[in-house]
Amino acid sequence: MDRVRFSVEPLDQGMSFKAKAYQALRHAITQMDIYGERNEIRLDERHLCEALGVSRTPVREAMALLEQEGFIRSQPRRGIYVVRKTKAEIVEMITVCAALEGMAARLFVERATDLSVADLEATFDRFSEGELADHVLEYSDANIAFHQAIIQASGCTLIADLTDRFFIHMRAIRRVTMRRGRRAEKSIVEHREIIEALMTRDADLAERRVREHTLGLAHFVENHCDFLD
């Protein structure tokens with residue numbers, strides 16, 4: 001297990017150790033760059049216990065729940081690994097997210113405040129299209145925050161819950177694709193077009209632009225991410 005990539009802090013006493021361990025491990029997994037290299041990421045139970053400051057029981061219980069949710073998988077005599085999806089699985093996941101995020105954009109137009117729109121616009125103020133190559137990781141994080149903000153401001157708990165199931169993989173694949181080709185430059189133009197549709201409160205246009213933007217990621221993965229297979 002890479003201690004730098006998998007960063008957790010000791011648990012406090014406010015909740016059960018199982019619940020705290022689950023939250024800490026899940027958060028750490030979502031922050032991983034799981035598609036940034038070819039090697040699988042292996043988790044070391046002993047190191048996790050030391051990092052969290054707890055015994056093996058709550059860690060094992062938390063990891064059992066994470067495995068049920070599809071975040072990790074255990075292999076007899078080999079260890080525990082963070083789940084990586086195939087290219088076909090990722091393309092299918094992105095396609096589903098495109099539909100969900102498109103509806104979230106429609107609901108955003110109907111329900112979100114002007115302040116929410118202004119906050120989205122401010123997300124990309126610090127990025128210049130000509131300088132994105134020097135700030136790809138920061139832009140990738142802003143990109144992810146942008147999509148999450150639309151979903152949260154849509155006010156639909158079910159969309160938020162469904163997309164949260166995919167978040168670890170969507171975050172990771174969005175991050176790795178930003179480092180390939182001119183995906184970042186294309187992305188920021190599309191984000192500004194989405195913001196324009198949201199600002200004018202055009203629900204049809206906002207839904208279409210968000211859906212097409214996310215489907216564009218699916219097409220990029222299909223055509224440029226053979227390393228996933």
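Since this is a predicted model, take the numbers as computed values, not measurements. Positions are given from 1 along the sequence.
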Among residues two or more places apart or on two chains, list those pairs meeting ring-ring contact (aromatic ring centres under 6.0 Å, His included) that have a residue in residues 49-90.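 Residue pairs with at least one partner in residues 49-90: there are none.
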
Of all heavy-atom pairs between [X] and [Y], which one has the smallest distance, and what is that distance?
| X | Y | result |
| --- | --- | --- |
| Ser74 | Ile80 | CB-CG1, 4.1 Å |
| Ser140 | Arg175 | OG-CA, 3.1 Å |
| Ser154 | Ala104 | CB-O, 3.4 Å |
| Ser55 | Cys49 | O-SG, 3.8 Å |
| Ala218 | Val91 | O-CG2, 3.9 Å |
| Tyr35 | Ile173 | CD1-N, 4.0 Å |

Show the numbers, then the answer: is there a side chain to side chain contact (heavy atoms under 4.5 Å, CB included) between Arg84 and His169? CA-CA 8 Å; Arg84 286 166 56 104; His169 301 285; 5.9 Å; no

Run Leu217 and Arg183 through side chain to side chain contact (heavy atoms under 4.5 Å, CB included) and show every step you take. CA-CA 9 Å; Leu217 175 60; Arg183 179 68 190 166; 3.4 Å; yes

Which value, rounded to the nearest 0.5 Å, describes the distance between [X] atom [atom1] and [Y] atom [atom2]?
| X | Y | atom1 | atom2 | answer |
| --- | --- | --- | --- | --- |
| Thr123 | Tyr139 | OG1 | OH | 10.0 Å |
| Lys186 | Met178 | NZ | CE | 10.5 Å |
| Leu52 | Leu25 | CG | CG | 5.5 Å |
| Asn143 | His213 | CG | NE2 | 5.5 Å |
| Ile34 | Ile168 | CD1 | CD1 | 4.5 Å |
| Gln31 | Ile29 | CD | CD1 | 11.0 Å |

In this structure, would [X] and [Y] fall into the same cluster of hydrophobic residues linked by side-chain contacts under 4.5 Å?
| X | Y | result |
| --- | --- | --- |
| Met170 | Leu66 | yes |
| Leu107 | Leu162 | yes |
| Val83 | Ile41 | no |
| Leu137 | Phe167 | no |
| Phe166 | Ile90 | yes |

Under 3.5 Å, which donor-acceptor pairs do the side chains of residues 58-65 form with other protein atoms, sequence neighbours left out?
unit_1: Arg60; atom_1: NE; unit_2: Glu45; atom_2: OE1; d: 3.1
unit_1: Arg60; atom_1: NE; unit_2: Glu45; atom_2: OE2; d: 2.9
unit_1: Arg60; atom_1: NH2; unit_2: Glu45; atom_2: OE2; d: 3.1

ring-ring contact (aromatic ring centres under 6.0 Å, His included) against His219, all qualifying residues, sequence neighbours excluded: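 Expected list: none.
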
With Phe146 via ring-ring contact (aromatic ring centres under 6.0 Å, His included) - residues at least two apart: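 So Phe146 forms a ring-ring contact (aromatic ring centres under 6.0 Å, His included) with Phe124, His191.
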
Would you say the side chain of [Y] lies within less than 4.5 Å of the side chain of [X], judging by non-hydrogen atoms?
| X | Y | value |
| --- | --- | --- |
| Arg42 | Asp44 | yes |
| Thr95 | Leu215 | yes |
| Met199 | Glu121 | yes |
| Val109 | Leu198 | yes |
| Arg73 | Glu40 | yes |

Given side chain to side chain contact (heavy atoms under 4.5 Å, CB included), test Phe220 with Arg180 step by step and report yes or no. CA-CA 10 Å; Phe220 186 90; Arg180 294 173 174 265; 3.9 Å; yes

Salt bridge check: are [X] and [Y] linked by an N-O gap of less than 4.0 Å?
| X | Y | answer |
| --- | --- | --- |
| Glu196 | Arg192 | no |
| Arg171 | Asp141 | yes |
| Asp202 | Arg208 | no |

Name all residues meeting the salt bridge (Lys or Arg N to Asp or Glu O under 4.0 Å) criterion together with Arg201; count only those two or more places apart in sequence or in a different chain, and write none if there are none.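 Only Asp114 meet the salt bridge (Lys or Arg N to Asp or Glu O under 4.0 Å) criterion with Arg201.
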
Could you work out the complete set of other residues in the hydrophobic cluster of Leu115, with links drawn between I, L, V, M, F, W and Y side chains under 4.5 Å apart?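 Leu115 clusters with nothing; isolated.
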
As a quick check of understanding, evaluate side chain to side chain contact (heavy atoms under 4.5 Å, CB included) for Phe108 and Val117, giving each step before the final call. CA-CA 9 Å; Phe108 183 104; Val117 179; 3.5 Å; yes

Might you confirm whether atom CD of Glu92 has over 12 heavy atoms from other residues, nucleotides or ligands at distances under 6.0 Å?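 Not more than 12 within 6.0 Å, no.
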
Is the closest side-chain donor-acceptor distance between Arg174 and His147 under 3.5 Å?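 Indeed, the side chains of Arg174 and His147 share at least one donor-acceptor pair under 3.5 Å.
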
